[in-house]
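Positions are given from 1, in the same order as the sequence printed here.
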Amino acid sequence: MRVLLQRVSRASVRVEGATVGSIARGLVVFVGVEEGDEDEDAVWNAAKTAQLRIFPDAAGRMNLDVSDIRGEVLVVSQFTLAASTRRGRRPSFESAAKPERAHQLYERFVTALRERGLAVATGTFRAMMEVELVNDGPVTVLLDPREATTP
């Protein structure tokens, strides 16, 4: 599972011109599910997302997580995160999970965030979406599930 976080001052996602999700200060989280990903991967990434200290404290140091600032989370499915660009000029998406499985793990990720008490908005799975955000910092972090076994 590939998860890309962006610290934002605000963000929204539209489908066919209608806003389906929006947040104020918090995180936009792009989630790409790959073949072989399991429920544990979704839960681990949600915990890491919730606990990652990337918001500034009073001294300006990144010491606060999204719940510390009473922030919100906007989760957007993005299968293109599974792209391989090793060969040729066209990305390969062979490692992307099948849509049914990807949807299950995407929903598990969202549920795990909500179980931690976070306010979570979402895009629409498998829809063509327009995501608008104001990156705060800018701060962008790619989670690496190989970093540790517990968040």
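Annotation for E34 and A82: closest pair CG-CB, 3.9 Å, computed over non-hydrogen atoms. Here the closest non-hydrogen pair linking I23 and A121 is CG2-CB, 4.0 Å. Of all heavy-atom pairs between L74 and A11, the closest is CD2-CB, 3.9 Å. What you find for V13 and T122 is that their closest heavy atoms are CG1-O, 3.8 Å. What you find for F109 and N45 is that their closest heavy atoms are CE1-C, 3.6 Å. Among all heavy-atom pairs drawn from N63 and D68, the shortest one is O-OD2, 4.3 Å.
Transitive grouping of hydrophobic side chains (ILVMFWY, heavy atoms separated by less than 4.5 Å) keeps V28 and V134 in distinct clusters. Cluster membership for V31 and M128, using ILVMFWY side-chain heavy atoms within less than 4.5 angstrom, is not shared.
With a 4.5 Å cut-off on side-chain heavy atoms, P99 and R126 count as touching. Looking at heavy atoms from C-beta onward, L27 lies out of side-chain contact with V8 at the 4.5 angstrom threshold. Using a 4.5 Å heavy-atom threshold, the side chains of L113 and V75 count as touching. Annotation: side chain of T140 is in contact with side chain of Q6 (closest heavy-atom distance under 4.5 Å). At a threshold of 4.5 Å between non-hydrogen side-chain atoms, the residues L5 and L143 count as touching. A 4.5 Å side-chain heavy-atom check between V66 and F55 finds at least one atom pair inside the cut-off. With contacts defined as side-chain heavy-atom distances shorter than 4.5 Å, the pair E130/R14 qualifies. The side-chain heavy atoms of M129 and S77, taken from C-beta on, include a pair separated by under 4.5 Å.
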Notebook entry, point to check: Step by step, would you call E72 with R10 a salt bridge (charged side-chain N to carboxylate O under 4.0 Å, His left out)?
Noted result: CA-CA 9 Å; E72 301 170 297; R10 69 180 179 280; over 6 Å; no
Next item on the list: Would you sort out whether E107 and H103 count as a side-chain contact (heavy atoms from CB on, under 4.5 Å), showing the intermediate values?
Entry: CA-CA 6 Å; E107 291 296 338; H103 192 198; 3.3 Å; yes
Checklist line | Steps toward side chain to side chain donor-acceptor pair (under 3.5 Å) verdict (E35, S95) | finding: CA-CA 6 Å; E35 285 294 332; S95 69; over 6 Å; no
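With rounding to the nearest 0.5 angstrom, the CD atom of E40 is 10.5 Å from the CE atom of M1. Within the model, atoms CG of L142 and CG of L81 stand 7.5 Å from one another, a figure rounded to the nearest 0.5 Å. If you take OG on S67 and CD on Q51, they are separated by 8.5 Å, rounding to the nearest 0.5 Å. With rounding to the nearest 0.5 angstrom, the CD atom of E132 is 5.0 Å from the OG atom of S12.
Under 4.0 Å is where a charged nitrogen must lie from a carboxylate oxygen, and between R7 and D136 at least one such pair does.
More than 12 heavy atoms of other shown residues, nucleotides or ligands fall within 6.0 angstrom of atom CZ in R114.
When each of D41, D37, D39 is tested with R101 by the rule salt bridge (charged side-chain N to carboxylate O under 4.0 Å, His left out), just one qualifies, namely D39.
In this structure, Y106 and F125 have tilted ring planes: the angle between them lies in the 30° to 60° band.
Listed by chain and number, the hydrophobic cluster partners of F79 are F93, where partners are ILVMFWY side chains within reach of under 4.5 Å, directly or through others.
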